[in-house]
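Working notes, structure below.
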There are 2 protein chains.
Amino acid sequence: MSARASSPPGNDSADYPPASAAAAMAGRDVERLRMWLRILDISNLVQRDIRAHLRAGFNVTLPRFDLMAALDRAGPEGMTMGQLSRRLRVSGGNVTAVVDRLEREGAVTRRSPPEDRRTHFIALTEEGRRQFLAMAEAHLGWIDGLFAGLSPSEVGTLTGLLDKARRSAAERAAEEAPKDGAKDGRKGGRDG
Amino acid sequence: MSARASSPPGNDSADYPPASAAAAMAGRDVERLRMWLRILDISNLVQRDIRAHLRAGFNVTLPRFDLMAALDRAGPEGMTMGQLSRRLRVSGGNVTAVVDRLEREGAVTRRSPPEDRRTHFIALTEEGRRQFLAMAEAHLGWIDGLFAGLSPSEVGTLTGLLDKARRSAAERAAEEAPKDGAKDGRKGGRDG
DNA sequence: TGAAAATATTTTAAGCTTAAAATATTTTCG
DNA sequence: CGAAAATATTTTAAGCTTAAAATATTTTCA
């Protein structure tokens, strides 16, 4: 859950910028902020709904579902902890914790190849994959249902503009945080 | 941070539906799912950036910023714990925890009116409000920067479509979870 | 070879989050 | 009045999350 996120929150519509902060905003362009708050609202709303469905229908949390999705995509060999960390964009410690629980539940296995005992390959068990496929199918239905109020053409327009917005934000966030100064985009990380 | 959320994750663009789940998705419409994943991506990306800025520039977390924003909006009397819980759409226990920390830091005060000692009004201290205004000003600038790649007209179109998407999701999420069966939309809650 | 550096993961400390149980207080109503 | 219900908040148990420190193992290279 968590409706959190840098919001003059509780927004069901207009009233931005927030009351007292209004003074500080005087004369500033607020349209991009307004747009962002819509994105945030939808994101929170949909995530809340999906989490509730996952819990009620499958007794699974979103982090576990996401991790299983990555493993499903990876195929039978699975992925290493480091690969999962990068793919999911979460910390290594986080992957350790979530994998621990999935392993305890029998949804994934950990195995270390003899040639490098530092690393661990995580893979879905048969049961884990079966569970995931059922969840993925249901998930698609939930999303379709939530956005049923948009026509196919509206969905297309929105997706296109969102792509542009994403590129804008990704570029600018990246240049703020140079991280690594790496040459070609592969290095400095942890494994591959 | 957390890039989490019901995603065939790690998406920088296409490759949905995810590999093995593809079988389950056969013949299903995937456009709305694709759109949702764009929203999710942007939301995670921007929140990550904002959190980093808030921490680096103000040594503050997003939940604390959000709570302070609500209080700023509320004016000098502040808000009760229950009002904060509903406004921020988080649990009561959560509000207790975040307020505890803000209080410890001197950003907010708790006071209980004599006529109802169950309740507590939380308000920004002078220092808390000063801090918040500086953060809100910076926040607006970060958002403007991230979405600078969109023209004003694109921002307008996007905001309009997002509004429609939000209404769609909100309506459908609401009818799934009837919660209260209340008659006219005000009741059954906790306070006002 | 063998010490230093690099890599891969786990552990730890702290904070956010929820649902459910526990407390405290006020309101209702027999 | 006084017990039961309602209301407001805090506490608890569990899980997610991160950054930073600690471990374990492999690679580099003098």
Side-chain angles (χ1 to χ4, degrees), chain A residues 1-6 44 47-48 51-52 54-56 59-67 79-86 88-105 110-122 179-180 186-192, chain B residues 1-6 44 47-48 51-52 54-56 59-67 79-86 88-105 110-122 180 187-192:
Chain A
M1 322 310 165
S2 135
R4 303 262 168 219
S6 71
N44 288 332
Q47 285 195 47
R48 208 173 1 253
R51 280 176 205 269
L54 281 176
R55 181 143 63 105
N59 193 35
V60 161
T61 64
L62 201 39
R64 291 176 208 189
F65 176 68
D66 286 346
L67 200 147
M79 302 170 73
T80 68
M81 298 297 283
Q83 288 171 334
L84 281 166
S85 172
R86 284 187 296 286
L88 301 173
R89 292 191 261 194
V90 298
S91 69
N94 184 352
V95 176
T96 297
V98 177
V99 166
D100 280 351
R101 293 179 196 109
L102 285 172
E103 191 179 25
R104 167 156 51 76
E105 292 165 5
R110 259 191 181 97
R111 69 192 164 69
S112 211
E115 70 276 14
D116 188 343
R117 301 202 319 269
R118 289 171 305 182
T119 209
H120 293 284
F121 283 87
I122 314 304
K179 270 194 189 270
D180 199 41
R186 163 68 88 114
K187 233 223 73 177
R190 265 178 177 132
D191 87 24
Chain B
M1 320 321 162
S2 129
R4 301 269 167 213
S6 70
N44 288 331
Q47 286 194 46
R48 205 167 11 247
R51 280 176 204 267
L54 281 176
R55 178 142 64 105
N59 193 35
V60 160
T61 63
L62 200 40
R64 290 178 208 189
F65 176 68
D66 286 347
L67 199 148
M79 302 170 72
T80 68
M81 299 296 283
Q83 288 170 335
L84 281 166
S85 172
R86 283 186 297 284
L88 300 173
R89 289 190 265 192
V90 299
S91 69
N94 184 353
V95 175
T96 296
V98 176
V99 165
D100 281 351
R101 293 179 196 110
L102 285 171
E103 190 180 26
R104 166 155 53 75
E105 291 165 7
R110 258 192 182 96
R111 71 192 163 66
S112 212
E115 71 276 14
D116 188 343
R117 300 202 318 271
R118 289 171 305 181
T119 209
H120 293 285
F121 281 89
I122 314 303
D180 199 40
K187 237 223 68 180
R190 264 179 175 128
D191 86 25

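Note on naming: letters A, B, ... go to the chains in the order of the sequence lines (proteins, then strands), and numbering restarts at 1 for each one. Both backbone and side-chain heavy atoms feed into the values below; hydrogens, waters and symmetry mates do not.
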>> Below the 4.0 Å mark, does dT17(D) have OP1 or OP2 next to a side-chain nitrogen or oxygen of R89(A)?
In response: no

> Considering all heavy atoms of both residues, which atom of R117(A) and which atom of P114(A) are nearest to each other, and what is their separation?
Replying inline: CG-O, 3.8 Å

> Could you give the CG-to-C1' distance, from L54(A) to dT18(C), as a whole number of Å?
Replying inline: 15 Å

> Can E105(A) and L102(A) be said to form a side chain to side chain contact (heavy atoms under 4.5 Å, CB included), step by step?
Replying inline: CA-CA 5 Å; E105(A) 292 165 5; L102(A) 285 172; 4.1 Å; yes

>> Quick check: closest heavy atoms across T119(B) and S112(B), and the distance to 0.1 Å?
In response: O-OG, 2.5 Å

> Which pair of non-hydrogen atoms, one from G92(A) and one from S85(A), has the smallest distance, and what is that distance?
Replying inline: N-OG, 3.7 Å

> Should T61(A) and R51(A) be marked as a side chain to side chain contact (heavy atoms under 4.5 Å, CB included) after you check the CA-CA gap, both sets of side-chain angles, and the distance that decides it?
Replying inline: CA-CA 6 Å; T61(A) 64; R51(A) 280 176 205 269; 6.0 Å; no

>> Distance check needed: dT7(C) P versus L84(A) CG, whole Å only.
In response: 19 Å

> Sequence neighbours excluded, which residues qualify as side-chain contact (heavy atoms from CB on, under 4.5 Å) partners of T96(B)?
Replying inline: M81(B), D100(B), R110(B)

>> Between P on dG15(D) and CD on E103(A), what's the gap in Å once rounded to a whole number?
In response: 15 Å

> What is the distance from CZ of R55(A) to C1' of dA20(C), rounded to the nearest Å?
Replying inline: 11 Å

> Between M81(A) (CE) and dA24(D) (P), how many Å, whole number?
Replying inline: 17 Å

>> Just verifying a value: how many Å separate T80(B) OG1 and R86(B) CZ, rounded to the nearest 0.5 Å?
In response: 6.0 Å

Identify the pairs formed between an N or O of the protein and an N or O of nucleotides 25-27 of chain D at a distance under 3.5 Å, and give each distance.
| from | atom 1 | to | atom 2 | distance (Å) |
| --- | --- | --- | --- | --- |
| dT26(D) | OP1 | R117(A) | N | 3.2 |

> Of all the nucleotides listed (dG15(D), dT17(D), dT18(C)), which has the minimum atom distance to the side chain of T61(A)?
Replying inline: dG15(D)

> From R89(A) CZ over to N94(A) CG, what is the distance, rounded to the nearest 0.5 angstrom?
Replying inline: 14.0 Å

> For H120(B) and dT23(C), what is the distance between atoms NE2 and P respectively, to the nearest whole Å?
Replying inline: 16 Å

>> Within this structure, what is the CG-CG distance for the pair L67(B) and L84(B), rounded to the nearest 0.5 Å?
In response: 5.0 Å

> Distance check: side-chain N/O of R110(B) vs OP1/OP2 of dT10(D), anything under 4.0 Å?
Replying inline: yes

> What is the distance, rounded to the nearest whole Å, between atom CG of D100(B) and atom P of dT11(D)?
Replying inline: 7 Å

>> Using whole Å, what does the distance between atom P of nucleotide dA14(D) and atom CG of N59(A) come to?
In response: 15 Å

> Which nucleotide sits closest to the side chain of N94(B): dT18(D), dT17(C), dT10(C)?
Replying inline: dT17(C)

> Any stems for DNA chain D, made of 3 or more Watson-Crick or G-U pairs in a row, each with both distances under 3.5 Å?
Replying inline: C:1-30 with D:1-30

